[in-house]
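Just so it is clear, the values below take in all heavy atoms, side chains as well, and ignore hydrogens, waters and symmetry mates.
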Amino acid sequence: MSEKRFVYMDNAATTRTHPDVVSAMLPYMTEFFGNPSSLYDFSREPKKAIEHAREQVAHAIGCKPEEVYFTAGGSESDNWAIKGIAFANQKKGKHIITSSIEHHAVIHPCEWLVSQGFEVTFLPVDEYGMVSPESVAGAIRDDTILVSIMFANNEIGTIEPIAEIGAICKERGVYFHTDAVQAVGHVPINVDTMNIDLLSLSGHKFHGPKGVGCLYIRSKVRIEQLIHGGGQERKRRAGTEHVSGIVGLGSAIERAVAVMPESNTQIQKLRDRLIEGLLTIPHSRLNGHPVHRLSNNVNIIFEFIEGESILLFLNQNGVAASTGSACTSASLEPSHVLTACGISHDCVHGSLRLTLGEETTEEDILYVLEILPGIVQRLRDISPLTPDELRSKKK
Ligand SMILES: *Cc1c(COP(=O)(O)O)cnc(C)c1O
């Protein structure tokens, strides 16, 4: 048995801020700390830095810099997109379409809008977590004002047919928002060719800082403000800018897109090795789509045992992983994503999510493959659900 080590396999929950990103950020806390809205020369440098970051984001997703609005993260961007479109367009209609596997930052605002008199269709997905473009087309009505479908799922890694859905929304004249928080740095994104009207992203999911994100809003899209106050972000999102965070997000997205072809190849090779190794454990299954899948996502069900117990043992062995999303880990509620994929109630509890990153090594993979089969066996030995033939033979 090799020595205990620390293996971080929860990059879908958050990533390490890259040292180059930290270096880019630091001067905007120490040296250039001025408020970008002030009128004196001293505030020129932070103002310039924000506009540079805006260009970096625009370049990464194929929009104009003036269509990028900085926020406090993915959750705020999702809330702004959904509530903002709903309230600005309610004269046209009060119907919104989304999927049943969205992040809670999309699902909960939609549920809240229902309490405010809106109507929301939560589209089903197939067993791989795919939303079919035909189901989107079939759900659009005269009073539909918004379709919001995530780019890639944070639990099972399935990549949705965004360009096809975008084309349908454009043809039918309905705004299209996508939560691309998990996709940035893993999937090429172009808001023009994909016909995306609004897109959320978050710095800390691609080696940038936490607490900063942005919402891309196509010009001429009618949207209400979410945060009222000062006139920042062209009077559409109040609050003194998180200058160092914005600089970090810009630097991180530029870097993530530049290294993407190479890092994706490397991460995917390790991912496939991990999946292959874990599927040799009897009664294990891969969740999510086998092909249309994020390069860094492994989500596997081990029948007859609890995902949370696997996490505890992995933690004792220095491995940081997750069951589904970080937000559901604490609640012991079955994952709404796995449930929507039609996975039976007994099995949704036995899932384990391992999300790799640029820093994941072959040794990390081998270490997990060395310890996990033993952990699964120990838990199956004490689980009342385990069939006899899967139990360790008593001496
Ligand atoms: C992490 C995440 C969010 C929330 O982003 P924060 O910046 O943490 O608020 C939203 N959607 C998806 C798909 C995510 O993975």
Ser75 vs Asp78, test: side-chain hydrogen bond (donor to acceptor under 3.5 Å, both in side chains). Steps then yes/no. CA-CA 5 Å; Ser75 299; Asp78 285 343; over 6 Å; no
Applying ring pair (Phe, Tyr, Trp, His ring centres under 6.0 Å), can you list everything that pairs with Phe87, at least two apart in sequence or on another chain? Phe118
Residues sharing [X]'s hydrophobic cluster, by side-chain heavy-atom contacts under 4.5 Å among ILVMFWY, directly or via others?
X: Leu385; answer: Phe304, Leu390
X: Val181; answer: none
X: Tyr8; answer: Phe6

When rounded to the nearest 0.5 angstrom, what is the spacing between [atom1] in [X] and [atom2] in [Y]?
X: Glu362; Y: Leu274; atom1: CD; atom2: CG; result: 12.0 Å
X: Lys269; Y: Ser295; atom1: NZ; atom2: OG; result: 13.5 Å
X: Cys169; Y: Ile149; atom1: SG; atom2: CD1; result: 8.0 Å
X: Leu199; Y: Cys63; atom1: CG; atom2: SG; result: 8.5 Å
X: Leu369; Y: Thr280; atom1: CG; atom2: OG1; result: 7.5 Å
X: Ile168; Y: Asn195; atom1: CD1; atom2: CG; result: 11.0 Å

Any donor-acceptor N/O pair, [X] side chain to [Y] backbone, under 3.5 Å:
X: His336; Y: Glu102; answer: yes
X: Asp364; Y: Val7; answer: no
X: Asn299; Y: Glu155; answer: yes
X: Ser351; Y: Ile300; answer: no
X: Ser38; Y: Tyr40; answer: no
X: Asp197; Y: His177; answer: no
X: Gln232; Y: Gly239; answer: yes
X: Thr15; Y: Asn11; answer: no
X: Asn296; Y: Gly357; answer: no

Less than 4.5 Å apart, any side-chain heavy atom of [X] and any of [Y]?
X: Glu119; Y: Arg141; value: yes
X: Gln182; Y: Asn153; value: no
X: Arg353; Y: Asn297; value: yes
X: Leu366; Y: Arg273; value: yes
X: Val106; Y: Ile82; value: yes
X: Ile50; Y: Val243; value: yes
X: Lys48; Y: Glu51; value: no
X: His283; Y: Ile305; value: no

What pairs meet the ring pair (Phe, Tyr, Trp, His ring centres under 6.0 Å) rule with one or both residues in residues 208-249, with sequence neighbours excluded?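 Sorted result for residues 208-249: empty, none.
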Quick test of your reading: applying ring pair (Phe, Tyr, Trp, His ring centres under 6.0 Å), list the pairs with at least one residue in residues 53-73, sequence neighbours left out, ordered by first then second residue.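 For residues 53-73, and leaving out neighbouring residues, the ring pair (Phe, Tyr, Trp, His ring centres under 6.0 Å) pairs sorted by first residue read Tyr69-Trp80.
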Scan residues 242-255 for pairs that pass salt bridge (charged side-chain N to carboxylate O under 4.0 Å, His left out), counting only residues two or more places apart or in two chains. Arg255-Glu358
For residues 17-29, which residue pairs qualify under salt bridge (charged side-chain N to carboxylate O under 4.0 Å, His left out), counting only residues two or more places apart or in two chains?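 Salt bridge (charged side-chain N to carboxylate O under 4.0 Å, His left out) check on residues 17-29 returns no pairs.
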Side-chain heavy atoms under 4.5 angstrom apart, residues restricted to Ile, Leu, Val, Met, Phe, Trp, Tyr: same cluster for Met150 and Val187?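 Both belong to a single hydrophobic cluster.
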Are Ile97 and Ile145 linked, directly or through intermediate hydrophobic residues, by side-chain heavy-atom contacts shorter than 4.5 Å (ILVMFWY only)?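 Per the 4.5 Å side-chain linkage, Ile145 and Ile97 are not co-clustered.
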From CA spacing to verdict: salt bridge (charged side-chain N to carboxylate O under 4.0 Å, His left out), Arg5, Glu363: CA-CA 10 Å; Arg5 36 191 291 146; Glu363 287 72 37; 5.3 Å; no
Steps toward side chain to side chain contact (heavy atoms under 4.5 Å, CB included) verdict (Ile371, Leu314): CA-CA 8 Å; Ile371 61 171; Leu314 281 176; 3.9 Å; yes
Give the C-alpha distance, both sets of side-chain angles, the deciding distance and a yes or no for salt bridge (charged side-chain N to carboxylate O under 4.0 Å, His left out) between Arg236 and Glu233. CA-CA 6 Å; Arg236 296 181 96 172; Glu233 295 296 281; over 6 Å; no
Do His289 and Thr158 have a side chain donor and acceptor closer than 3.5 Å?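 There is no such pair (donor and acceptor under 3.5 Å, judged by atom type) between the side chains of His289 and Thr158.
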Give a yes or no on this: more than 12 heavy atoms of other residues, nucleotides or ligands lie within 6.0 Å of atom [atom1] of [X].
X: Glu276; atom1: CD; result: no
X: Arg378; atom1: CZ; result: no
X: Lys170; atom1: NZ; result: no
X: Arg222; atom1: CZ; result: no

Checking side chain to side chain contact (heavy atoms under 4.5 Å, CB included) for the pair Phe151/Val184: CA distance, chi angles, key distance, verdict? CA-CA 9 Å; Phe151 209 118; Val184 175; over 6 Å; no
Show me the side-chain donor-acceptor pairs of residues 201-212 shorter than 3.5 Å, one per line, residues at least two apart or across chains.
| from | atom 1 | to | atom 2 | distance (Å) |
| --- | --- | --- | --- | --- |
| His204 | ND1 | Thr14 | OG1 | 2.7 |
| His207 | ND1 | Arg16 | O | 2.8 |
| Lys210 | NZ | Thr14 | OG1 | 3.2 |

Could you walk me through whether Arg380 and Ile281 satisfy the side chain to side chain contact (heavy atoms under 4.5 Å, CB included) test, starting with their C-alpha distance in whole Å, then the side-chain angles of each, then the deciding distance to 0.1 Å, before giving a yes or no? CA-CA 12 Å; Arg380 282 182 174 168; Ile281 298 174; 4.1 Å; yes
N/O donor-acceptor pairs under 3.5 Å from side chains in residues 24-36, not counting sequence neighbours:
| from | atom 1 | to | atom 2 | distance (Å) |
| --- | --- | --- | --- | --- |
| Thr30 | OG1 | Leu26 | O | 3.1 |
| Asn35 | OD1 | Ser37 | N | 2.9 |

For side chain to side chain contact (heavy atoms under 4.5 Å, CB included), just list the numbers for Glu76 and Ile227, CA-CA rounded to whole Å, side-chain angles, deciding distance to a tenth of an Å, and then say yes or no. CA-CA 9 Å; Glu76 184 191 323; Ile227 310 285; 3.7 Å; yes
Excluding sequence neighbours, so at least two apart, what forms side-chain hydrogen bond (donor to acceptor under 3.5 Å, both in side chains) with Asn79?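 Only Lys83 meet the side-chain hydrogen bond (donor to acceptor under 3.5 Å, both in side chains) criterion with Asn79.
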Under the side-chain hydrogen bond (donor to acceptor under 3.5 Å, both in side chains) rule, collect the residues that match up with Glu127, sequence neighbours excluded. none
For the student: nearest non-hydrogen atoms of Ala183 and Ile189, plus distance: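 That would be CB-CD1, 4.3 Å.
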